[in-house]
Amino acid sequence: MDAVVVASHDSTHAELTVAAVRAGKPVLYEKPLVSTVAECVEVVREDDKAGGGRVSVGFMRRFDPAYVALKAAPGEGRCGRPGVVHGVSRSVTSAPGAVGRQCGIVIPDEQPDRTRGRTAT
């Protein structure tokens with residue numbers, strides 16, 4: 001086994017992550033890291049003892065095309081500097097562009113939101 005993915009119930013994250021780090025394995029876990037501050041401190045300490053950098057969070061939206069387009073919009077001159085961006089995601093099966101209209105832009109792959117009969121916002 002080269003690495004460990006922790007995608008179990010939140011209450012098991014600390015125990016499984018610490019065990020994997022102690023076994024010398026890199027760990028990719030789904031949010032949240034753990035359930036309590038004490039568990040978080042334990043995971044960080046174990047990771048530090050192992051040299052650090054073995055524990056990573058799975059942040060699946062980072063490369064989602066709609067989020068990438070939204071992040072790029074101000075730099076491309078499609079809108080001004082946003083003060084607040086609120087994104088809603090229902091699941092990985094949401095329609096492309098489900099982030100919707102933000103700061104007056106239309107994300108190119110935006111699809112109609114069929115649940116409301118209008119474009120997602």
Side-chain angles (χ1 to χ4, degrees):
M1 176 179 6
D2 295 324
V4 174
V5 174
V6 177
S8 56
H9 190 275
D10 299 353
S11 65
T12 65
H13 287 194
E15 178 184 356
L16 296 173
T17 301
V18 167
V21 168
R22 286 180 179 162
K25 305 298 180 186
V27 181
L28 175 67
Y29 66 92
E30 293 297 325
K31 297 179 285 180
L33 171 58
V34 292
S35 300
T36 68
V37 172
E39 289 174 336
C40 184
V41 169
E42 179 185 16
V43 168
V44 171
R45 283 187 182 147
E46 290 299 323
D47 187 46
D48 285 346
K49 284 183 200 176
R54 291 193 179 278
V55 178
S56 299
V57 64
F59 184 54
M60 65 185 197
R61 296 289 180 213
R62 181 173 291 143
F63 301 106
D64 181 295
Y67 282 76
V68 171
L70 178 62
K71 184 177 179 183
E76 295 171 349
R78 294 169 58 196
C79 66
R81 182 174 180 243
V84 175
V85 174
H86 175 79
V88 177
S89 175
R90 292 177 203 93
S91 71
V92 296
T93 59
S94 293
V99 173
R101 298 176 190 270
Q102 299 290 335
C103 59
I105 64 166
V106 177
I107 296 170
D109 64 351
E110 186 172 72
Q111 299 294 315
D113 182 344
R114 309 249 188 259
T115 63
R116 288 184 238 146
R118 60 183 173 81
T119 303
T121 58

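Residues Val44 and Val18 fall into different hydrophobic clusters, defined by Ile, Leu, Val, Met, Phe, Trp and Tyr side chains chained together at heavy-atom separations under 4.5 Å. Under a hydrophobic-cluster definition in which Ile, Leu, Val, Met, Phe, Trp and Tyr are linked whenever side-chain heavy atoms come within less than 4.5 Å, directly or via other members, Met1 and Val5 are assigned to different clusters. Residues Val34 and Val41 fall into different hydrophobic clusters, defined by Ile, Leu, Val, Met, Phe, Trp and Tyr side chains chained together at heavy-atom separations under 4.5 Å. No path of Ile, Leu, Val, Met, Phe, Trp and Tyr side chains, each step under 4.5 Å between heavy atoms, connects Leu28 with Val21, placing them in separate hydrophobic clusters.
For the atom pair Asp10 CG and Glu30 CD, the distance stands at 10.5 Å (nearest 0.5 Å). Annotation: the span from Cys79 atom SG to Leu70 atom CG amounts to 7.5 Å, rounded to 0.5 Å.
Pairs engaging residues 15-26 under the salt bridge (Lys or Arg N to Asp or Glu O under 4.0 Å) rule: Arg22-Glu46 [sequence neighbours left out].
Considering every non-hydrogen atom in both Pro82 and Pro74, the closest pair reads CD-CG, 3.6 Å. When every heavy atom of Ala69 is checked against every heavy atom of Arg78, the shortest pair comes out as O-NH1, 4.0 Å.
Here the side chains of Val4 and Leu16 are not in contact, with every heavy-atom distance at 4.5 Å or above. Using a 4.5 Å heavy-atom cutoff, the side chains of Val55 and Leu33 are in contact.
For Ser11, the side-chain hydrogen bond (donor to acceptor under 3.5 Å, both in side chains) partners two or more places apart in sequence, or in a different chain, are His9.
Remark: side-chain polar atoms of Arg54 are paired, donor with acceptor, to backbone N or O of Gly24 under 3.5 angstrom.
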